[in-house]
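Take a look at the structure set out below.
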2 protein chains.
Amino acid sequence: MAEPQFAAQLSAVMSDTPAPIYQRVKQAIVRQIRTGAWAPHQRIPSESEMVAELGVSRMTINRALRELTSEGYLLRMQGVGTFVAEMKPQTEMLEVRNIADEIAARGHRHSSRLVNLQARPATADEAQALGIPPGQRLFHSLIVHYENDVAVQLEDRCVNPIAAPDYLQQDFTRITPYIYLTQVAPLTAGEHRVEAVAPNAAQRSLLGLTDNEPCLLIHRRTWSGRQVVTSAHLLYPGSRYQLFGSFTV
Amino acid sequence: MAEPQFAAQLSAVMSDTPAPIYQRVKQAIVRQIRTGAWAPHQRIPSESEMVAELGVSRMTINRALRELTSEGYLLRMQGVGTFVAEMKPQTEMLEVRNIADEIAARGHRHSSRLVNLQARPATADEAQALGIPPGQRLFHSLIVHYENDVAVQLEDRCVNPIAAPDYLQQDFTRITPYIYLTQVAPLTAGEHRVEAVAPNAAQRSLLGLTDNEPCLLIHRRTWSGRQVVTSAHLLYPGSRYQLFGSFTV
DNA sequence: TAGTGGTCTAGACCACGTT
DNA sequence: ACGTGGTCTAGACCACTAG
């Protein structure tokens, strides 16, 4: 019933910061969890108990608890109570950014060379990736991206003509396919896969690789509604590119 | 002033679903954005306008708008208004999961072989990664992880003795270093980097690779407070492992 | 039946930016 | 001065789960 420690924690937070009440309540709760005073799976005081102990309206307590739930700190079950969530930093994340943005963010110059742009029948693999019948007409583009004139990405892309009928008429030295496609077909979902591969002779030549150095291959598919808009293979020289991510619990 | 389209949208959503009001308001707004009726950077009706048009309390409208803001759909500026956020799915994410969990999730059997476990002086690189003086004593472990007896990860890990003094006494065939370390030193932050590399002879031997196939290398550092707890190199055979991620806008 | 969280309201005061 | 979003309250009704 009495939660002197929590009340003390809160009043401590109350006094020093001029933050909104719901923020201070959140801070106090996170502190209880971080210090271990409230362990995972443990039930924490109910909304009405906090209202009584802290002298704050229930809506304010509710907002604090709701936000902490959506942030992964708490689990709530109607009719049961509120519990400390299990610390699960098991699935951390890596950013996958647009190549042109990434180069610009480094303060470098992006340029590209259009190697191929045509309509042709889909191979079996391509048809499967795009969700169209094998042999059906698709658009294909092959572009090398440079960072300060050094090749950093080989973009091998298939496009569903239904989603972007004017794809072949674009100037892909001025606009990247990714940007164009998001303009004509607002993307709603996507997936990507990363693996390490050895480039073949044609790929080595296009990227200007002399030895057989390993490359990162990102295979990305993008949807607009139920329709696959595009399927791309992005090949990066291992020595010139890294994926990076950081996280905070 | 009059927003017949929006009001119509909302009443449509209102009628069919028995969802909470704030949810229906959110859906209606998202629909306005998805269909392009409300374009990026465009100002949308104010809270009080929505209250008048939709006959809903301001707190309910406020909750809908607040949640959509935290979900990235909207931008709000006090004293100015609420605006449609720019669609920026530029930085998509890849999951990086714990190897044991990942194998278990596939319904396969995880096992591991402890190749090395010792205390030794830090090399220059290791010292830098851990944030300790070069030559200072650290713990080192080298473990091969198997999925159904096929090697899928080589885990080369340095540990800060300050953070985990009993590291050498653990049985790492029963508990993975990652799990042990999160137990003794609650992690608060981390970073990782992924690149494609060619494995050396020792690495090939430990992973049971015959040819010189490319590998994914994940370098991960983990903090507990201001202290680096551990720095690990995780090496995956390219043919046996892929990172995967999917996203929805 | 009693307690929990989930939602909603009508009204209020405030800080902020524009005019 | 005015309209904006940011916050807070006191009270209410409901759905759900447990004993």
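Below, all heavy atoms of this structure are taken into account, side chains as well, without hydrogens, waters or symmetry copies.
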Nucleic acid footprint by protein, nucleotides 10-18 of chain D - heavy-atom cut-off 4.0 Å, B for base, S for sugar-phosphate alone: BBB--BBB-
Can you classify the ring geometry of A:Y167 versus A:F139 as parallel (below 30°), tilted (30 to 60°) or perpendicular (above 60°)?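 Ring orientation, 0 to 90° scale: parallel.
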Using atom [atom1] of [X] as one end and atom [atom2] of [N] as the other, report the distance to the nearest whole Å.
{"X": "B:R24", "N": "C:dG6", "atom1": "CZ", "atom2": "C1'", "answer": "14 Å"}
{"X": "A:I44", "N": "C:dT4", "atom1": "CD1", "atom2": "P", "answer": "12 Å"}
{"X": "A:L75", "N": "C:dG5", "atom1": "CG", "atom2": "P", "answer": "13 Å"}
{"X": "A:L74", "N": "C:dG5", "atom1": "CG", "atom2": "P", "answer": "11 Å"}
{"X": "B:E67", "N": "D:dT7", "atom1": "CD", "atom2": "P", "answer": "14 Å"}
{"X": "B:F83", "N": "D:dG5", "atom1": "CZ", "atom2": "C1'", "answer": "11 Å"}
{"X": "B:I21", "N": "C:dG6", "atom1": "CD1", "atom2": "C1'", "answer": "12 Å"}
{"X": "A:L68", "N": "C:dG5", "atom1": "CG", "atom2": "P", "answer": "14 Å"}

Look at the side-chain N and O atoms of [X] and state whether any lies under 4.0 Å from the OP1 or OP2 oxygen of [N].
{"X": "A:Y22", "N": "D:dC8", "result": "no"}
{"X": "A:S48", "N": "C:dG3", "result": "no"}
{"X": "B:T82", "N": "D:dT4", "result": "no"}
{"X": "B:R76", "N": "D:dT4", "result": "no"}

Taking only the side-chain heavy atoms of B:P20 (C-beta and beyond), determine which of C:dC8, D:dG6, D:dT9 contains the nearest atom.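 Side chain of B:P20 sits closest to C:dC8.
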Select one nucleotide: of D:dT9, C:dC8, D:dT4, the one nearest the side-chain heavy atoms of A:T60.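 Nearest listed nucleotide: D:dT9.
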Looking only at the side chains, is there a donor atom on one of B:R221 and B:S231 sitting less than 3.5 Å from an acceptor on the other?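 Absent: no donor and acceptor within the cut-off.
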Quick one: do the A:R66 and A:N62 side chains pair a donor with an acceptor below 3.5 Å?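 Side-chain D/A pair, A:R66 to A:N62: present.
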So does B:L75 get a backbone contact from the side chain of B:T69, meaning a donor-acceptor N/O pair under 3.5 Å?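 No, the answer is negative, given that no donor and acceptor are paired below the 3.5 Å cut-off.
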Mark yes or no for whether B:Q23, through its side chain, and B:P20, through its backbone, hold a donor-acceptor pair below 3.5 Å.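 Checked: no pair found.
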Pairing nucleotide - C:dG11, Watson-Crick or G-U, each distance under 3.5 Å: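 Pairing partner, where one exists within any strand: D:dC8.
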My understanding is that only one of B:N160, B:L181, B:T182 makes a side-chain contact (heavy atoms from CB on, under 4.5 Å) with B:V229; could you say which?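 The passing option is B:L181.
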Check the surroundings of atom CD in A:Q128: do more than 12 heavy atoms from other residues, nucleotides or ligands lie under 6.0 Å from it?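 No, not enclosed.
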